Structure formats: C-alpha cells, structure tokens
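All residue numbers in this chain count up from 1 along the given sequence. Numbering of ligands and ligand atoms starts at 1, following listing order. Predicted model, so just to flag it, every value in this text is computed and none were measured.
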Amino acid sequence: MIDVYGMSSPNVLKIVVALEELGLEYSFHHIDIVAGEQYEPAFVALNPMSKVPVIVDHQGIDGERYTVFESGAILIYLAEKAGKLIPQEPRARMDTIQWLVLQIANVGPTFGQHNHFLRFAPPGNDYAASRYRTLAGRVYDTLDKRLEVSTYLAGEDYTIADIATYPWAAMYHEAHGMRWDDHPHLRRWCDLIAQRPAVIKSIAIHDEITANDPALRPDRSPDGVDRLFGRGAYARK
Ligand SMILES: N[C@@H](CCC(=O)N[C@@H](CS)C(=O)NCC(=O)O)C(=O)O
C-alpha cells in the first residue's frame, strides 16, 4: 500500500495518473496548505521542503517503508518499482529522463509563476507578469516543436515524461492565455493522452480531490493564503 499526501494540483495529478497507469494500490490524504499542515513536524519529517506531493510506500525499497518527495522523483520511483513507463534501452531511457527533467525544471516552475502573476498577484506587477507570460510561451512553444516530430515527449512510447507534463499543459494552456492554433502538436498530444482510461479515471479522482480540498474552501483563512504566497506579514525582510 502507498500513502499519497496531496491536494488539488497538477503535481499531485501526475502521481495519481502514474499510480492508476501502473495499477498500484494507494490511499489519498489531503494536506491543507492554507492551514499550514505542511509545516507540522510529522509532515516535515516526510518532506523537508514542506510541499506536496509526497508518497510513503509501506513495501518500499528492500521491502522496508520508503518515503519519496518531489513529483519527478516519485514518478521515477514508481516507474522503477513497476518496471514500466521508463524504458530500459539506454537511449530511450535518457530521452525520457531529459524530458522529465525539462518538466521539473521548466514547465512546473515557469507555469506556476505565470499562473501566480496572472491570477493571484496584486496589481502593479507588470514586469513580472510579462516576464512569466513570455517564459511560459517559450515552454509551450518548445513542447509543441518536440511533439511535431515525436508521438510522445521521449519518442514513440508513453512514459513518465508525458505523465509529468500532461496535467500542466492540459489544465493551464487556455487559462494561461495561449491559443491552441499556435500549438497544434501539443493539442494532438493532449487529445491522445486524454483518451487513456487511467487518465480519464485520474481526472475524475482529481476532480473529487478538488471538490474536497480544504485549501480551496471559500472560508479559508486570508492569513493562511498570505503565508502560502509569502506576502504581507510573511514577506521575508
Ligand atoms: N517541485 C515540487 C513542487 C511541489 C509544489 O510546489 N507543491 C505545492 C502544491 S502544487 C505545495 O505543496 N505548496 C505548499 C507550500 O509551498 O507551502 C514537485 O514537483 O513536487
């Protein structure tokens, strides 16, 4: 059994998709990041960065309990455990790792910042908003160019690189003010992945996670939101 700690988030959806694709048994636990549950000692013991997702595999490495944080590391762990979704052939394996790392280093951080300045920042951040829109556009363009010449990100096989990237591209492309006409190959790939039974099931599970996420409740604490975003009294002096 694998315990998954998470919330409504593309980084968490990645893990649900991988678990569903691999048919691994898991149990989901909400972490309320507005209430600050990520800073409780029991959670910090699982992830020193105080972020979700985290998994605890009770039959992990050597059969012992094993904890993994960082969504990219979790995807590698699950794929290695099951012997699927990461090719063994050296070239295909390295291609998978490169595109997975591109997601972790570029897609997540850049889309996350673009989202923040587009939806959550107070007015008066034109420089940052424009910078992250430009950088996000560059990432979408890069994915589109790759998918013009390759069925999936790492080649002809569906891998953890696709699982890592799909939730971000599918959830945010339109919300980020991008136009599908500019990214037809990305759209073809999104449509292809959206048909996978494990993805359909995972999105339904994620919709339920979203509906029950305490961090999204209308009565959530404004102070907790300030702490999450590092602003107001929580801004570092
Ligand atoms: N690089 C991390 C990013 C994880 C992340 O940013 N998690 C957010 C939710 S999507 C979080 O836990 N935020 C709480 C906080 O920063 O206090 C990963 O890929 O796992």
Side-chain angles (χ1 to χ4, degrees), residues 2-19 26 28-57 66-79 96-121 132 135-136 139 153 159-172 175-176 202-203 205-207 209-210 212-217 220-236:
I2 295 175
D3 284 315
V4 180
Y5 296 87
M7 60 171 294
S8 170
S9 145
N11 284 324
V12 173
L13 178 55
K14 289 173 190 177
I15 308 309
V16 174
V17 171
L19 288 162
Y26 65 98
F28 184 84
H29 310 275
H30 279 277
I31 296 295
D32 185 343
I33 64 168
V34 170
E37 288 178 1
Q38 71 274 38
Y39 296 114
E40 286 177 10
F43 189 80
V44 178
L46 301 179
N47 183 353
M49 269 301 283
S50 293
K51 285 179 184 282
V52 294
V54 174
I55 64 162
V56 177
D57 184 356
Y66 192 74
T67 302
V68 195
F69 52 80
E70 281 294 330
S71 61
I74 298 172
L75 290 177
I76 294 172
Y77 177 85
L78 295 174
T96 302
I97 291 170
Q98 285 188 62
W99 285 98
L100 175 67
V101 171
L102 186 138
Q103 189 286 313
I104 298 163
N106 294 280
V107 175
T110 307
F111 287 10
Q113 293 298 340
H114 179 40
N115 212 37
H116 183 83
F117 285 102
L118 198 62
R119 295 171 56 199
F120 303 115
Y132 282 112
L135 293 179
V139 175
L153 285 170
T159 68
I160 50 173
D162 302 293
I163 293 178
T165 310
Y166 172 77
W168 285 94
M171 281 167 78
Y172 286 126
H176 278 173
S202 302
I203 288 172
I205 292 168
H206 187 261
D207 285 347
I209 292 171
T210 303
N212 295 308
D213 191 337
L216 300 178
R217 280 170 40 167
R220 66 188 186 165
S221 120
D223 195 44
V225 175
D226 281 350
R227 176 176 49 199
L228 179 64
F229 290 154
R231 65 190 185 194
Y234 297 94
R236 207 176 192 108

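Contact residues of ligand 1 (protein heavy atom closer than 4.0 angstrom to a ligand atom; sorted by chain and number): Met7, Ser9, Asn11, Ile33, Gln38, Tyr39, Ser50, Lys51, Val52, Pro53, Glu70, Ser71, Leu228.
Minimum heavy-atom separation, Trp168 to Asn11: NE1-OD1, 3.3 Å.
Counting heavy-atom neighbours within 6.0 Å of Arg217 CZ, excluding the residue itself, gives a total of 12 or less.
Looking only at atom types and distance, the side chain of Tyr5 has no donor-acceptor partner in the side chain of Asn47 under 3.5 Å away. Asn115 and Tyr132 are not linked by any side-chain donor-acceptor pair at a separation below 3.5 angstrom, with hydrogens and angles left out of the test.
Between His176 and Tyr172, the ring planes lie parallel to each other; the angle is under 30°, not in the 30° to 60° tilted range.
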Taking distance alone, no hydrogens or angles, what donor-acceptor pairs closer than 3.5 Å link side-chain atoms of residues 97-104 to residues at least two apart or in another chain?
from, atom 1, to, atom 2, distance (Å)
Trp99, NE1, Leu153, O, 3.4
Gln103, OE1, Lys14, NZ, 2.9

